[in-house]
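Input: a single structure, listed below in structure tokens.
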Amino acid sequence: MAILLKNHWNKKYTDTPISQLGWYESKSIPSIQLIENCTVPKHSPIVDVGSGTSTLVANLLELGYQNLFAIDISDVALEKAKSLLNKEQATHVHWMVDDITNPSSVLQLQKIAVWHDRAVFHFLTEEQDRQTYRSLVQKVIMPRGFLIMATFALEGATHCSGLPVQRYSVDGLCEFFGNDFSLIESLDFTYEMPSGDVRPYVYARFQKIQVA
């Protein structure tokens, strides 16, 4: 299954120009806003999971962040993303090819200050994969670190890029992550695709609960 998914995403990133991908943003405004609201030091380790060819990494580098982890199952996507940066910028990014449902290198991460996920978690339609994800973020995010989730809203699309998705409300995200993370803020966001179609998203920022 992992190989099929990797091939699926590699083909998508090979065949489609970056600016025509259905999730392309010229600037990742909601994500930047929520990351900035965390007010972590600029050298803090920040993860962008499902990073693909997102502009978020470049946006964060421009804001002075210096310790970024771009993680994706697609090596094609990460190579394209890397090519968009200059040599100096690329030194501040750790590029990691990994499958979040069967992680290896990501499991070795420690004391992550901010974990950002725009549109990966909603592809996890199997309960076992969701539980693996929850265990992973609980393990690698530091005490009082932050988890930022962006998923299709309940009224959003049922499929994306030919794959089924699981839609969420803020309450649904709280129910799933609430034993380990407390909700700090949330927002609704309507994203306009390059095609002109719209996709309603829900964004939520959580903070990891520090065990006494």
Side-chain angles (χ1 to χ4, degrees), residues 1-16 18 21-25 28 31 35 45-57 60 67-85 90 93-142 145-152 156-168 172-173 176-177 180-181 201 204 206 208:
M1 184 63 176
I3 293 174
L4 291 176
L5 274 177
K6 184 180 183 72
N7 290 340
H8 173 88
W9 291 113
N10 275 344
K11 179 173 173 53
K12 177 65 68 173
Y13 283 108
T14 299
D15 294 348
T16 310
I18 292 173
L21 290 165
W23 50 91
Y24 172 76
E25 295 176 300
S28 306
S31 296
I35 292 171
I46 296 175
V47 159
D48 183 30
V49 66
S51 193
T53 54
S54 167
T55 56
L56 178 63
V57 167
L60 293 176
N67 191 9
L68 307 178
F69 290 80
I71 300 168
D72 204 279
I73 195 172
S74 170
D75 53 304
V76 171
L78 293 184
E79 284 300 321
K80 283 193 172 187
K82 190 186 301 185
S83 72
L84 300 176
L85 305 179
V93 184
H94 310 274
W95 307 93
M96 301 178 70
V97 179
D98 207 352
D99 175 8
I100 212 69
T101 66
N102 186 27
S104 55
S105 53
V106 179
L107 273 176
Q108 308 310 312
L109 298 180
Q110 298 180 24
K111 298 182 179 178
I112 297 300
V114 180
W115 176 286
H116 170 266
D117 175 343
R118 177 179 178 261
V120 172
F121 183 65
H122 67 204
F123 280 108
L124 306 185
T125 57
E126 299 294 331
E127 182 63 20
Q128 181 177 340
D129 291 338
R130 289 193 289 267
Q131 294 299 333
T132 297
Y133 188 104
R134 181 163 62 183
S135 297
L136 178 63
V137 296
Q138 167 65 11
K139 177 180 183 294
V140 305
I141 296 176
M142 66 187 296
F146 297 94
L147 171 68
I148 297 172
M149 304 296 299
T151 71
F152 281 172
T158 59
H159 287 72
C160 178
S161 189
L163 299 173
V165 299
Q166 179 79 33
R167 298 171 294 178
Y168 290 92
L173 291 172
F176 187 79
F177 291 104
D180 303 313
F181 296 87
Y201 275 77
F206 298 89
K208 187 177 179 181

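- Scanning both residues, S31 and H116, for their nearest heavy atoms gives OG-NE2, 2.7 Å.
- Nearest heavy-atom pair across I141 and K208 is O-NZ, 2.6 Å.
- Contact detail for T125 and Q166: the closest heavy-atom pair is CG2-N, 4.0 Å.
- Using a 4.5 Å heavy-atom cutoff, the side chains of D180 and L147 are not in contact.
- Shown here for R167 and G156, the closest heavy-atom pair between the two residues is NH1-O, 2.9 Å.
- The pair R118-D48 does not meet the salt-bridge criterion, since no charged nitrogen lies less than 4.0 angstrom from a carboxylate oxygen.
- Here the closest non-hydrogen pair linking S28 and T55 is OG-OG1, 3.6 Å.
- Judged by distance alone, the side chain of S135 and the main-chain N or O of T132 form no donor-acceptor pair under 3.5 Å.
- Counting heavy atoms from C-beta outward, F123 and L5 have side chains that stay 4.5 Å or more apart.
- The aromatic ring centroids of Y201 and F152 lie less than 6.0 Å from each other.
- Ring geometry for Y13 against W9 counts as tilted: the plane angle lies between 30° and 60°, on a 0 to 90° scale.
- Side-chain contact between L56 and I35 is present, with heavy atoms from C-beta onward closer than 4.5 Å.
- The aromatic rings of F121 and Y133 sit tilted, their planes meeting at an angle between 30° and 60°.
- Counting heavy atoms from C-beta outward, L84 and I18 have side chains that approach closer than 4.5 Å.
- More than 12 heavy-atom neighbours from other residues, nucleotides or ligands sit within 6.0 angstrom of NZ on K139.
- Side chains of P45 and I112 form a contact here, defined as non-hydrogen atoms less than 4.5 Å apart.
- The two residues L107 and V140 come nearest to each other via the heavy atoms O-CG1, 4.5 Å.
- For residues 93-113, the set of pairs meeting the salt bridge (charged side-chain N to carboxylate O under 4.0 Å, His left out) definition, not counting sequence neighbours, is empty.
- More than 12 heavy atoms of other shown residues, nucleotides or ligands fall within 6.0 angstrom of atom CD in Q131.
- For the ring-ring contact (aromatic ring centres under 6.0 Å, His included) test, no residue two or more places apart in sequence or in another chain qualifies with W95.
- Other residues, nucleotides and ligands contribute at most 12 non-hydrogen atoms within 6.0 Å of the CD atom of Q110.
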